[in-house]
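Note that the coordinates shown come from a computational prediction; the quantities given were computed from them, not determined experimentally. Letters A, B, ... mirror the listed sequences (proteins, then strands); counts begin at 1.
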Amino acid sequence: MPELPEVEVTRRGVTPYLEGQIVTAVIFRHSGLRWPFPLDLANHLIGCRVRGTGRRGKYLLIHFDHGSLIIHLGMSGNLRILPLETIPKKHDHFDLVVGQQVMRMTDPRRFGAVLWHDAEKGPVEQHPLLRGLGIEPLEDVFSGQILYQQTRHRSAPIKQVLLAGDIVVGVGNIYASESLFQAGINPKTAAHRIGLARYDKLAAAIREILARAIAKGGSTLRDFIGADGQTGYFQQSYFVYDRAGQPCKICGALIEQIKQGQRSTFYCKNCQK
DNA sequence: CACGACTCCTGCTGGC
DNA sequence: TGCCAGCAGGAGTCGT
């Protein structure tokens with residue numbers, strides 16, 4: 001269910017239940033997801049106090065004095081806060097028990113991850129998975145100028161450069177199509193052939209679309225489940241994503257669907273040049 | 001360095 | 001109605 005907005009909404013949802021609380025149990029019900037679980041995690045965490053949470057791209061961070069838990073939700077993961085006695089279901093793989101609540105991770109496709117980063121190895125931002133990540137799209141330093149500078153040697157289509165995450169993080173397959181539509185840029189355009197003015201529009205579009213999705217509580221994803229278990233009302237608010245063959249909401253031309261790097265891209269031939 | 005193909009896994013949908 | 005190929009919101013890794 002990820003995309004940056006859903007991860008951020010999840011982070012905000014679980015934070016009040018975690019912050020300042022003492023971990024009383026850690027339970028794994030599977031040997032691992034994308035990578036093996038840190039099976040000795042209980043030794044690191046039981047009796048320790050959660051200092052706060054954070055996020056880097058689509059990685060959710062739970063900070064302790066001596067290190068950080070790194071959680072990725074993959075394609076199908078979610079975190080929920082549940083009463084202690086809640087019986088786990090088939091794809092519930094990881095529990096972090098804090099006080100009278102359990103933070104439970106569910107992930108049917110198991111593309112997610114749970115990792116431990118020890119503070120002795122330096123700040124968590126230096127973790128191998130986080131080190132190479134691009135800039136945060138909602139921070140002030142993100143701009144069209146950055147996109148322009150960083151793409152001068154990138155001949156790949158702009159859609160794939162956005163998804164790669166090494167220039168800007170958190171723009172997933174849905175919001176990549178949506179932002180390119182809003183900026184009027186054809187997703188097939190080679191990144192180094194796009195000028196500063198168009199990158200200014202793209203940066204603004206990315207920022208606006210992600211911020212709006214967060215404000216709506218991540219409800220723009222069909223099966224997004226928030227930390228409180230609310231499924232959110234799915235609203236058909238996309239301009240192009242998943243609308244192949246339907247009329248463009250701006251010009252009426254039919255929305256095209258193509259494949260780029262094994263992923264579907266949706267765009268309007270007429271509005272995006 | 002940059003790019004593109006491949007891969008992990010389960011569940012659901014659409015076409016026959 | 002039933003079956004099954006194909007596809008799904010991610011992203012690390014490897015070969016070129």
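Atom CG of A/Leu162 and atom P of C/dG10 are 12 Å apart (whole Å). The distance from atom CG of A/Asn78 to atom C1' of C/dG9 is 13 Å, rounded to the nearest whole Å. Distance CZ (A/Phe37) to P (B/dC8): 19 Å, rounded to an integer number of Å. In this structure, A/Ile158 atom CD1 and B/dA2 atom P are separated by 14 Å, rounded to whole Å. At whole-Å resolution of the value, CG in A/Leu60 and C1' in C/dG10 are 15 Å apart. Taking atom CE of residue A/Met75 and atom P of nucleotide B/dC8, one finds them 14 Å apart after rounding to whole Å. Per the geometry, CZ belonging to A/Arg131 stands 17 Å off C1' belonging to C/dA11, to the nearest Å. At whole-Å resolution of the value, CD1 in A/Ile70 and P in C/dA11 are 14 Å apart.
Put simply, A/Phe111 rests on the base of B/dC8: the two rings are less than 5.5 Å apart at their centres and nearly parallel, under 30°.
Between B/dG4 and A/Gln160, a contact under 4.0 Å exists linking OP1 or OP2 to a side-chain N or O. Within the structure, a side-chain polar atom (N or O) of A/Arg154 is placed less than 4.0 Å from OP1 or OP2 of B/dC3. Close to C/dA8, at under 4.0 Å from its OP1 or OP2, lies a side-chain N or O of A/Ser264. The phosphate of C/dG9 (OP1 or OP2) has no side-chain N or O of A/Lys58 nearer than 4.0 angstrom. Between A/Lys259 and C/dA8 there is a side-chain polar atom (N or O) within less than 4.0 angstrom of OP1 or OP2. A close approach under 4.0 Å does not occur between any side-chain nitrogen or oxygen of A/His91 and OP1 or OP2 of B/dC9.
Judged purely by distance below 3.5 Å, without hydrogens or angles, the side chains of A/Lys259 and A/Ser264 pair a donor atom with an acceptor atom. Looking only at atom types and distance, the side chain of A/Lys269 has no donor-acceptor partner in the side chain of A/Asn186 under 3.5 Å away.
For A/Pro157, taking side-chain heavy atoms from C-beta onward, the closest of the listed nucleotides C/dG10, C/dG9, B/dG4 is B/dG4. Nearest nucleotide to the side chain of A/Lys90, out of B/dA5, B/dG11, C/dG10: B/dG11. Looking at the side chain of A/Pro108, the nearest of the listed nucleotides B/dG11, C/dA8, C/dG9 is B/dG11. With distances taken from any side-chain atom of A/Ser155 to the nucleotides B/dG11, B/dC3, C/dG9, the minimum falls on B/dC3. Comparing atom distances between the A/Tyr241 side chain and each of C/dG9, B/dG4, B/dG11 picks out C/dG9 as nearest.
In this structure, A/Phe266 and A/Tyr241 have perpendicular ring planes: the angle between them is above 60°, well past the 30° mark.
Under the 3.5 Å distance criterion, the side-chain polar atoms of A/Arg243 are matched with a main-chain donor or acceptor of A/Pro247.
Among pairs with a residue in residues 184-213 of chain A, none fulfils ring-ring contact (aromatic ring centres under 6.0 Å, His included), at least two apart in sequence or across chains.
Using a 4.0 Å heavy-atom cutoff across all strands shown, A/Arg263 reaches at least one base atom of the nucleic acid.
There is no path of hydrophobic side-chain contacts, each under 4.5 Å, that joins A/Leu45 to A/Val102.
Each of A/Asp166 and A/Gly261 was matched to the nucleotide of DNA chain B holding its nearest heavy atom; the match closer to the 5' end belongs to A/Asp166. Both A/Gln262 and A/Gln150 sit near DNA chain B, but only A/Gln150 has its closest nucleotide nearer the 5' end.
Here CG of A/Leu96 is found 11.5 Å from CZ of A/Arg104. Values are rounded to the nearest 0.5 Å.
Remark: A/Arg152 is positioned above the aromatic ring of A/Tyr148, its terminal NZ or CZ atom under 6.0 angstrom from the ring centre and at most 45 degrees off the axis.
In this structure, A/Asp65 pairs ionically with A/Arg51, as a charged nitrogen and a carboxylate oxygen lie closer than 4.0 Å.
The gap from the C1' atom of B/dC3 to that of C/dG9 amounts to 23 Å, rounded to the nearest Å. C/dC7 and B/dA5 have their P atoms separated by 15 Å, given to the nearest Å.
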Watson-Crick and G-U pairing of DNA chain C, under 3.5 Å, as dot-bracket with | and [ ]: .|||||||.|||||||
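Screening A/His117, A/His63, A/Glu125, A/His127 against A/Ser68 for a side chain to side chain donor-acceptor pair (under 3.5 Å) leaves a single residue, A/His63. Just one residue in the list A/Glu6, A/Glu139, A/Glu8 forms a salt bridge (charged side-chain N to carboxylate O under 4.0 Å, His left out) with A/Arg55, and that residue is A/Glu8.
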Every protein N/O lying under 3.5 Å from an N/O of nucleotides 12-15 of chain C:
{"from": "C/dG12", "atom 1": "OP1", "to": "A/Tyr59", "atom 2": "OH", "distance (Å)": "2.4"}
{"from": "C/dG12", "atom 1": "O4'", "to": "A/Arg34", "atom 2": "NH2", "distance (Å)": "2.8"}

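Side-chain to base pairing of A/Arg110 with B/dC9: no donor and acceptor N or O lie closer than 3.5 Å to each other.
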